[in-house]
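Every chain is numbered from 1 and lettered A, B, ... according to where its sequence line falls, protein lines coming before strand lines. Since the model is a prediction, treat every value here as computed from it, not as a measurement.
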Amino acid sequence: MNSSAPVRVRFAPSPTGWLHVGGVRTALFNFLYAKKLGGKFLVRIEDTDTERSEKQYTDDILASLKWLGMNHDEPLMYQSDRGALYQQIADDLISKGLAYRCYCTAEEVEATREQMMKEGKKPMYARTCRELNHSASGSPEGRKSFAIRAKFPLHGTTSFTDMIRGEISFPNEDLDDFVMIRSNGVPTYNFVVVVDDLAMQISHVIRGDDHINNTPKQIYLYEAMNASKPLFAHLPMILGEDKKKLSKRNGETSTNAYRKEGYLPEALLNFLVRLGWSHGDQELFSIEEMIQYFDFEHVQVTGAVFNPEKLLWINGEHLKKTDSERLLTILKEDFAFNHPEVSSVYVCTLIDHLKQKVKLIKELPDQLNSLCVAGAPEVNGADLKWNKVPEQKAKIKEAIQALSNECSGIVAKNSKTTLQECGIGHTEIDTKLREICTQFGLKLGEFTQPMRLYVTGQPNSNIGLFDLLPIMPWNTVKIRIDACLKS
RNA sequence: GUCCCUAUCGUCUAGAGGCCUAGGACACUGCCUUUUCACGGCGGCGACCGGGGUUCGAAUCCCCGUGGGGACGCCA
């Protein structure tokens with residue numbers, strides 16, 4: 001392959017299941033490589049397995065790729081549209097003596113395979129039909145149905161240079177005369193992948209290393225078709241906790257499940273890119289940085305265990321940097337968040353604070369709801385420390401009342417709805433609270449604990465009281481303080 | 001079983017013969033900070049699979065073992 005040829009890569013999922021995170025990583029490495037080199041990222045739907053392919057899976061895969069921001073640069077290709085072409089190419093290879101018709105039944109092939117396994121050999125097709133004389137277009141014993149097999153060389157070696165692992169070679173005698181077209185006329189993966197990659201002018205085939213053993217078969221086909229082959233890069237597998245290939249059994253694999261959990265697409269991608277690839281000590285990457293720094297020299301060769309805890313941490317880090325308005329949009333679209341009674345500006349300010357401390361978007365609605373509703377939410381004040389000493393409780397209430405009165409006065413005088421609008425922010429409220437504590441002989445914690453519970457309306461709010469007081473509509477704060485004083 | 005690939009903390013990884021007393025991150029953990037929950041800061045724990053070579057010198061190169069993964073379909 002000419003090194004100056006334009007970079008064209010593809011992600012080729014088969015729609016037999018939801019988009020798997022392993023697939024996402026394969027797509028990502030393709031995507032990054034294309035973007036880095038100004039090439040094209042293409043998507044092909046491998047739906048030749050008519051039994052298992054379903055439209056809903058195609059839809060899910062496409063929707064997930066869109067969510068992740070990995071859009072294809074040219075129209076989709078569907079293999080199911082290309083049946084006639086495959087047949088034609090296969091017939092051509094037969095006429096050139098590079099493929100042949102095999103009249104063996106599936107049962108016969110299976111039987112010899114088992115036999116070879118018993119003999120301690122690699123189970124392969126016995127090549128029964130390889131040297132049949134087809135000139136008379138006759139079939140043995142009047143058999144009609146046949147599959148088309150590649151006439152793979154018996155001797156020598158097939159090798160290629162993998163962009164990640166270097167040279168890999170296979171003794172030809174260990175390679176099978178694989179089926180290109182089944183007896184029912186449907187072509188197989190190893191055949192169509194070559195035909196289609198050629199048609200799409202794919203320059204680099206970047207895929208999971210479970211395909212390493214397929215590569216020599218495909219190389220045979222490139223040579224048989226007299227075409228130059230692409231460059232290959234085989235990525236290490238993503239493993240589950242048990243060190244086996246990641247699957248539904250040993251981890252959550254559906255991309256959509258991560259979306260519903262409240263992961264940001266760029267965070268999932270950041271996590272996945274670091275699984276098997278590194279850029280020095282850097283852990284956090286924006287999409288732009290991934291594109292800028294990505295290279296195959298730093299792709300690992302061994303499988304990497306999927307570590308959900310690290311993904312969670314990465315998500316938290318990305319959340320901190322995410323624009324709150326974007327988070328609000330996600331909340332509305334994906335988490336049915338809807339509070340028309342308060343302004344978006346208020347909600348976004350709340351998110352500004354909460355996103356610093358939360359790890360998943362999913363946590364936001366719970367935190368936000370009780371800060372957005374108008375009245376005083378039910379809370380359980382039984383565990384509050386002030387219950388231990390009644391006279392202390394009375395004193396704290398007096399202090400809270402004093403604060404409430406003062407703030408109500410300020411808001412009323414200025415005809416505003418929040419303290420912030422009256423020029424009272426975090427610093428001012430801090431000072432004011434400390435003054436009142438000194439005045440009443442209280443510790444700050446004694447004062448804030450009940451306030452916090454009632455004003456936030458929840459036992460474990462992630463927003464600081466001093467951040468909340470200035471921005472929450474004062475009439476709401478007032479109602480909640482009153483509830484506190486009555487408790 | 002046969003073939004292919006591979007081997008650094010529990011996990012993700014840095015490491016291209018001397019910079020390695022092996023660095024970073026997650027997790028775990030101690031302390032500090034603190035109005036709560038967190039965040040943050042400073043520490044701690046913790047690894048070069050084994051054996052042979054090559055070399056003045058090896059985590060790094062070679063060989064052999066062993067371990068791990070993958071592939072052996074008329075699945076993709």
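- A/E266 pairs by the salt bridge (Lys or Arg N to Asp or Glu O under 4.0 Å) definition with A/R326, not counting sequence neighbours.
- Across all strands shown, nothing is found opposite B/C48 as a Watson-Crick or G-U wobble partner with both distances under 3.5 Å.
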Distances under 3.5 Å only, N/O to N/O: pair up the protein atoms with those of nucleotides 44-48 of chain B.
none

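- In the set B/G1, B/U13, B/A76, the nucleotide with an atom closest to the side chain of A/S14 is B/A76.
- Checked against B/U35, B/C12, B/A76, the side chain of A/L444 finds its nearest nucleotide in B/U35.
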Could you give me the CA-CA distance, side-chain angles and deciding distance for A/K320 and A/E317, then say whether salt bridge (Lys or Arg N to Asp or Glu O under 4.0 Å) is met?
CA-CA 5 Å; A/K320 288 179 195 170; A/E317 294 303 306; 3.2 Å; yes

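- Taking only side-chain nitrogens and oxygens, A/R149 comes nearer than 4.0 Å to OP1 or OP2 of B/C74.
- Separating the P atom of B/A58 from that of B/C4 is a span of 31 Å, rounded to the nearest Å.
- When the C1' atom is used for both B/G46 and B/G24, the distance is 14 Å, rounded to whole Å.
- One interatomic measurement links the two molecules: CZ of A/R44 to C1' of B/A76, which rounds to 11 Å at whole-angstrom precision.
- In this entry the distance linking CD of A/E297 with P of B/A16 reads 15 Å, nearest Å.
- Within 4.0 Å (heavy atoms only), A/R434 reaches sugar-phosphate atoms of the nucleic acid but no base atom.
- With both ends at atom P, the span from B/C62 to B/G18 equals 16 Å, rounded to whole Å.
- B/U33 is unpaired under the criterion used here, namely a Watson-Crick or G-U wobble arrangement in which both key atom distances are under 3.5 Å.
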Show me, pair by pair, the donor-acceptor contacts under 3.5 angstrom made by side chains of residues 432-443 of chain A, not counting sequence neighbours?
unit_1 : atom_1 : unit_2 : atom_2 : d
A/K432 : NZ     : A/E406 : OE2    : 2.9
A/R434 : NE     : A/D430 : OD1    : 2.5
A/T438 : OG1    : A/R434 : O      : 2.8

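- Contact annotation for A/M237: no contact, since no heavy-atom pair falls under 4.0 Å across all strands.
- Residue A/D162 is classed as having no contact, given no heavy-atom separation below 4.0 Å to the nucleic acid.
- When atom types are taken as modelled, the side chain of A/D176 and the backbone of A/Y125 share a donor-acceptor pair closer than 3.5 angstrom.
- At the heavy-atom level, A/H211 lies under 4.0 Å from base atoms of the strands shown.
- Across all strands shown, B/G57 forms no Watson-Crick or G-U wobble pair with both distances under 3.5 Å.
- Base contact: A/F466 has a heavy atom under 4.0 Å from a base atom.
- Side-chain atoms of A/L62 and A/L19, non-hydrogen and from C-beta on, never get closer than 4.5 Å to each other.
- Of the nucleotides present, B/G1 is the one that pairs with B/C72 by Watson-Crick or G-U wobble criteria, both distances under 3.5 Å.
- A/S183 comes within 4.0 angstrom of a base, heavy atoms only.
- At whole-Å resolution of the value, OH in A/Y103 and P in B/C74 are 18 Å apart.
- Pairs of residues two or more places apart, or lying in two chains, that qualify as ring pair (Phe, Tyr, Trp, His ring centres under 6.0 Å) and include a residue from residues 10-30 of chain A are A/W18-A/Y57, A/F29-A/F294.
- We find that CE of A/M180 is positioned 17 Å from C1' of B/A76, with the value rounded to whole Å.
- The base of B/C37 lies outside donor-acceptor range of the side chain of A/S461, with no N or O pair under 3.5 Å.
- Applying the ring pair (Phe, Tyr, Trp, His ring centres under 6.0 Å) rule to A/H211 yields the partners A/Y189; only residues at least two apart in sequence or on another chain are considered.
- The interatomic distance linking A/L403 (CG) with B/U35 (P) rounds to 16 Å, in whole Å.
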Could you check A/E108 against A/R143 for salt bridge (Lys or Arg N to Asp or Glu O under 4.0 Å), going step by step and ending with a plain yes or no?
CA-CA 13 Å; A/E108 286 167 342; A/R143 291 189 186 188; 2.7 Å; yes

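- The 5' end of RNA chain B is approached more closely, in terms of each residue's nearest nucleotide, by A/G276 than by the other of A/G276 and A/A106.
- Comparing the P positions of B/G51 and B/U29 gives an interatomic distance of 35 Å, to the nearest angstrom.
- Counting only residues at least two apart or in different chains, salt bridge (Lys or Arg N to Asp or Glu O under 4.0 Å) contacts with residues 204-215 of chain A comprise A/R165-A/D209, A/D210-A/K245.
- Listed by chain and number, the residues in a salt bridge (Lys or Arg N to Asp or Glu O under 4.0 Å) with A/K321 amount to none (sequence neighbours excluded).
- A/K118 comes within 4.0 angstrom of no nucleic acid atom, judged by non-hydrogen atoms across all strands.
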Protein N or O to nucleotides 2-10 of chain B N or O, pairs below 3.5 Å:
unit_1 : atom_1 : unit_2 : atom_2 : d
B/C5   : O2'    : A/R165 : NH1    : 2.3

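- In terms of heavy atoms, A/V373 sits closest to A/R480 at O-NH2, 2.9 Å.
- Nucleotides B/A25 and B/G15 place their C1' atoms 16 Å apart, quoted to the nearest Å.
- With hydrogens and angles ignored, a donor-acceptor pair closer than 3.5 Å exists between the side chain of A/E283 and the base of B/G24.
- Applying the Watson-Crick and G-U wobble criteria (two distances, each under 3.5 Å), B/C26 pairs with B/G10.
- Residues A/F306 and A/R182 both approach RNA chain B. Their nearest nucleotides, taken by heavy-atom distance, put A/F306 toward the 5′ side.
- For A/K248, the side-chain contact (heavy atoms from CB on, under 4.5 Å) test picks out A/T253, with sequence neighbours left out.
- To the nearest angstrom, C1' of B/A76 lies 7 Å from CZ of A/R52.
- Heavy atoms from other residues, nucleotides or ligands lying under 6.0 Å from CD of A/E51 number 12 at most.
- Going from atom CG of A/D210 over to atom P of B/G69 covers 15 Å, rounded to whole Å.
- Using a 4.0 Å heavy-atom cutoff across all strands shown, A/T16 reaches no nucleic acid atom at all.
- Taking the P atoms as reference points, B/A47 lies 38 Å from B/C72, given to the whole Å.
- Across B/G40 and B/U34, the matching C1' atoms stand 11 Å from one another, rounded to whole Å.
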Could you list the protein-to-nucleotides 38-42 of chain B atom pairs, N/O on both sides, closer than 3.5 Å?
unit_1 : atom_1 : unit_2 : atom_2 : d
B/A38  : O2'    : A/K357 : O      : 3.4
B/C39  : O3'    : A/K320 : NZ     : 3.4

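- Across the P atoms, B/C61 and B/U8 are found 13 Å apart, a figure rounded to whole Å.
- Under the salt bridge (Lys or Arg N to Asp or Glu O under 4.0 Å) criterion, the residue pairs touching residues 354-364 of chain A are A/E261-A/K362, A/D352-A/K355, with sequence neighbours excluded.
- Taking the salt bridge (Lys or Arg N to Asp or Glu O under 4.0 Å) definition, one finds that A/R274 meets it with A/E283, sequence neighbours left out.
- A/D281 has its CG atom 12 Å from the P atom of B/C26, to the nearest Å.
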